[in-house]
Amino acid sequence: MAIDLHTHTTFSDGTDSPTQLINKALAAGISTIGLTDHDSVAGWQEAITALRPGISLVPGAEISCQTPDGISVHILGLLFDPSDTELMQTLEKTRENRHGRMEKIISRINQAGIDISMKDVLEQLSEGATLGRPHLADALVKKGVVASRDEAFTQMLHNNSKYYVAHYSPSPELAIKLIKEAGGVSVIAHPMASHRGRVISLETFGSLIDAGLNGIEVDHRDHSPEEKSQLIELAKQSKLVMTGASDYHGNGKLNLLGEYTTEKAQWLKLEEQASARRVVTV
Ligand code: AMP
Ligand code: ZN
Ligand code: FE
Ligand code: FE
């Protein structure tokens with residue numbers, strides 16, 4: 001009975017609805033599934049409705065953060081109270097800012113002579129979803145500019161691309177603090193996925209731990225064996241929980257449900273650090 005704490009649905013850049021996610025997770029032998037759409041809790045209700053005996057839901061969100069020196073950091077917030085105003089307002093600000101940011105990316109791509117519009121991108125977005133570069137990637141695929149999301153990212157949309165524009169994001173320390181104040185726990189997602197762009201230094205890691213970070217996502221497709229070993233060492237030294245997760249995006253990425261999972265003892269250690277029992281079961 002596997003525990004997979006990091007997945008996406010059509011409420012951000014995944015391609016399965018929360019209902020499809022729950023059904024597929026159950027079929028894949030997952031007993032505890034984390035729903036962590038980017039900067040949003042909009043998929044929670046549908047996921048809760050879709051729950052069946054045999055699978056429980058860890059409600060969460062993957063919060064897009066940025067360090068003062070411009071490094072992108074993703075913090076998984078799990079088991080927080082979704083009525084917490086400060087956290088919800090921060091997520092809303094990020095979601096809104098993603099629209100202006102998309103307009104800027106599109107205008108840079110247009111300047112390079114590629115015809116793509118905001119309308120093309122919004123057509124790829126499900127109702128109520130957080131807008132992201134994957135939707136632009138899908139629009140570029142539809143236009144025949146690139147063959148796949150992956151090709152769109154490698155050729156045009158990666159973090160070091162000339163088209164790249166950042167959006168408002170809280171610092172990772174602020175996100176960790178807000179998650180904690182909302183009663184939840186925080187885990188830094190794929191912290192050493194170096195092929196995506198710059199990653200944080202050990203010093204920044206220390207600052208996140210001081211802010212109250214609860215765990216590190218160690219087992220993830222984007223980590224090399226060396227990166228994993230470094231993270232295990234760090235987690236042990238700092239007494240942080242170690243998680244593993246798929247970061248499933250449906251057809252949007254190759255990642256398969258349950259391809260990496262969290263050990264039960266680690267999960268129990270993480271869960272007990274939330275202010276209340278917020279795992280949902282039926
Ligand atoms: P954004 O949130 O708009 O900055 O877009 C970043 C998101 O794009 C990440 O969270 C990933 O889910 C997705 N992404 C990054 N690289 C790729 C890739 N090579 N193929 C598909 N999706 C990707
Ligand atoms: Zn994503
Ligand atoms: Fe991420
Ligand atoms: Fe993710």
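Starting from 1, each residue takes its place in the sequence as its number. For ligands, and for the atoms within them, numbers begin at 1 and follow the listed sequence.
- At a threshold of 2.8 Å, the Zn ion (ligand 2) has a backbone or side-chain N, O or S atom of Asp13 nearer than that distance.
- Rounding to the nearest 10°, we obtain 140° for the angle at the Zn ion (ligand 2) between His38 NE2 and His249 NE2.
- The closest approach between Pro134 and ligand 1 falls below 4.0 Å for a heavy atom of the residue.
- Side-chain contact check for Ser117 and Asp120: at least one donor-acceptor pair (N or O, by modelled atom type) lies under 3.5 Å.
- Between the side chains of Thr67 and Asp69, a donor-acceptor pair is found at a separation under 3.5 Å.
- Within Glu62, the N, O or S atom lying nearest to the Fe ion (ligand 3) carries the name OE2.
- Side-chain contact, Asp13 with His135: no donor N or O sits under 3.5 Å from an acceptor N or O.
- Atoms of ligand 1 lying under 4.0 Å from at least one heavy atom of Arg101, given by number and element, are 1 (P), 3 (O), 4 (O).
- At a threshold of 4.5 Å between side-chain heavy atoms, the hydrophobic network of Ile, Leu, Val, Met, Phe, Trp and Tyr places Ile179 and Val73 in one connected group.
- Ranking the protein heavy atoms by distance from atom 16 (N) of ligand 1 puts Phe153 CD2, 3.4 Å first.
- For the residue pair His223 / Glu217, no side-chain donor-acceptor distance below 3.5 Å is found, with atom types taken as modelled.
- Protein heavy atom nearest atom 5 (O) of ligand 1, with residue, atom name and distance: Arg133 NE, 3.4 Å.
- In the model, Arg98 has a side-chain atom that pairs as donor or acceptor with a side-chain atom of Ser64 under 3.5 Å.
- Both Leu240 and Ile200 belong to a common hydrophobic cluster when Ile, Leu, Val, Met, Phe, Trp and Tyr are linked at side-chain heavy-atom distances under 4.5 angstrom.
- Listed by number with element, the atoms of ligand 1 under 4.0 Å from a non-hydrogen atom of Gly132 are 3 (O).
- By the criterion of a heavy-atom distance under 4.0 Å, the side chain of Asp13, and not its backbone, is placed next to ligand 1.
- Using a 4.5 Å cut-off between side-chain heavy atoms of Ile, Leu, Val, Met, Phe, Trp and Tyr, with links allowed through other members, Ile71 and Ile216 fall into the same hydrophobic cluster.
- Residue His74 places a heavy atom under 4.0 Å from ligand 1.
- Below 4.0 Å from some heavy atom of Gly252 lie the following atoms of ligand 1, by number and element: 21 (C).
- Side-chain N/O atoms of His190 and Glu62 include a donor and acceptor closer than 3.5 Å.
- The nearest protein atom to atom 19 (N) of ligand 1, hydrogens excluded, is given as Asp150 OD1, 2.8 Å; this is a heavy-atom distance.
- With 2.8 Å as the limit, Asp247 does not count as an N, O or S neighbour of the Fe ion (ligand 3).
- There is no side-chain donor-acceptor pair under 3.5 Å between Glu259 and Ser246.
- Only the side chain of Arg98 comes within 4.0 Å of ligand 1, judged by heavy-atom distances.
- Among the atoms of His74, an N, O or S atom is found under 2.8 Å from the Fe ion (ligand 3).
- Annotation: His38 places an N or O atom under 3.5 Å from an N or O atom of ligand 1; distance criterion only.
- For residue His38, no N/O/S atom approaches the Fe ion (ligand 3) to within less than 2.8 Å.
- Near His249, meaning under 4.0 Å from one of its heavy atoms, ligand 1 places the atoms 12 (O).
- Neither the backbone nor the side chain of His8 comes within contact range of ligand 1; no heavy atom lies under 4.0 Å.
- Criterion: ILVMFWY side-chain heavy atoms under 4.5 Å apart, direct or through other members. Under it, Ile30 and Trp44 are part of a common hydrophobic cluster.
- With a heavy-atom cut-off of 4.0 Å, Lys253 touches ligand 1 through its side chain alone.
- For the residue pair Thr204 and Ser207, no side-chain donor N or O sits within less than 3.5 Å of a side-chain acceptor on the partner.
- Using a 4.0 Å cut-off between heavy atoms, Met102 makes no contact with ligand 1 at all.
- Counting only N and O atoms by type, the side chains of Asn23 and Arg52 include a donor and acceptor under 3.5 Å apart.
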